[in-house]
Amino acid sequence: SIGTTASATQMAAALAPIAGEIETATGKTLTAADATHVLTAGWDLSESTGASYASSVKNITDTLLTYQFNTDQAARVSNVFFEASQQLGIGSDTYGKMLQRLQPRITGFGLSIEQVTGIVREATVGIKDLGIQGVGTGIRALSQVGVVLQRMQTPGAAATKMLTALGISMTDSTGKS
């Protein structure tokens, strides 16, 4: 249990840099329950993957913000990070950093964290089927998923020309083409 294993100093050090982010995610002042959800999930992730406690708490908090989850979803996020680290052969810290880079694309498509992890897992299998092996396979797959999502969001010149010819205009949320 976090109360008997983690020191108050470890918990305070992990919580201090992300307390404001938790308040942003929940839309209210940080409560003991919110902090407990995130700190417990961070401890579980740290213990199961060997990542630092502070970085585990930070990755979980960043993901809560990305997906606009409440803190009661922290355990869910921790579980997905653990599964990703096991299935993709990459550390939970690396997975968290890559998810942050992909955040605009992920939210643009409305993909759940489980869907993103599943897509990356399948891409990893495809990369291995091509004969590419090694530690970086999961990282390559995650990067390639980002490239694919970007290409799907931004049509090429030929596609744009065809859509225009059909009378279809593509704009972003601000109305820009």
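One is the number of the first residue; the rest follow in order along the sequence. Keep in mind that the numbers below use all heavy atoms, side chains included, and drop hydrogens, waters and symmetry copies.
Residues Val80 and Phe69 fall within the same hydrophobic cluster, defined by Ile, Leu, Val, Met, Phe, Trp and Tyr side chains chained together at heavy-atom separations under 4.5 Å. One hydrophobic cluster, built from ILVMFWY side chains closer than 4.5 Å, holds both Leu30 and Val77.
Counting heavy atoms of neighbouring residues, nucleotides and ligands inside a 6.0 Å radius, atom CD of Gln86 exceeds 12 of them.
Expressed to the nearest 0.5 Å, how far OG1 of Thr36 lies from CG of Leu15 amounts to 9.5 Å. For the atom pair Ile60 CD1 and Leu45 CG, the distance stands at 5.0 Å (nearest 0.5 Å).
Taking both residues in full, the closest heavy atoms of Ile113 and Phe81 are given as CD1-CE1, 4.1 Å, listed atom of the first, atom of the second, then distance. Shown here for Ser46 and Ser52, the closest heavy-atom pair between the two residues is OG-C, 3.7 Å. Here the closest non-hydrogen pair linking Thr61 and Glu21 is CG2-CB, 3.6 Å. Taking every heavy atom of both residues into account, Ile90 and Tyr95 meet most closely at CD1-CD1, 3.9 Å. In terms of heavy atoms, Gly42 sits closest to Val57 at CA-CG2, 3.9 Å. Annotation for Ile18 and Lys58: closest pair CG2-CD, 3.5 Å, computed over non-hydrogen atoms.
Although no hydrogens or angles enter the test, the distance criterion places no donor-acceptor pair under 3.5 Å between the side chain of Ser78 and the main chain of Ala74. With hydrogens and angles ignored, the 3.5 Å screen pairs no side-chain donor or acceptor of Thr40 with any backbone N or O of His37.
Arg76 has its side chain within reach of Glu114: a pair of non-hydrogen atoms, C-beta onward, lies under 4.5 Å apart. Side-chain atoms of Met11 and Trp43, non-hydrogen and from C-beta on, never get closer than 4.5 Å to each other. Residues Ile22 and Leu64 have side chains not in contact (no heavy-atom distance under 4.5 Å, counting atoms from C-beta outward). Looking only at side-chain heavy atoms (C-beta outward), Leu99 and Thr66 stay at 4.5 Å or farther from each other.
Using modelled atom types, one finds a donor on one side chain and an acceptor on the other under 3.5 Å when comparing Asp93 with Ser55.
In summary, of the residues considered (Thr31, Thr26, Asp34), a side chain to side chain donor-acceptor pair (under 3.5 Å) with Thr71 occurs for Asp34 alone.
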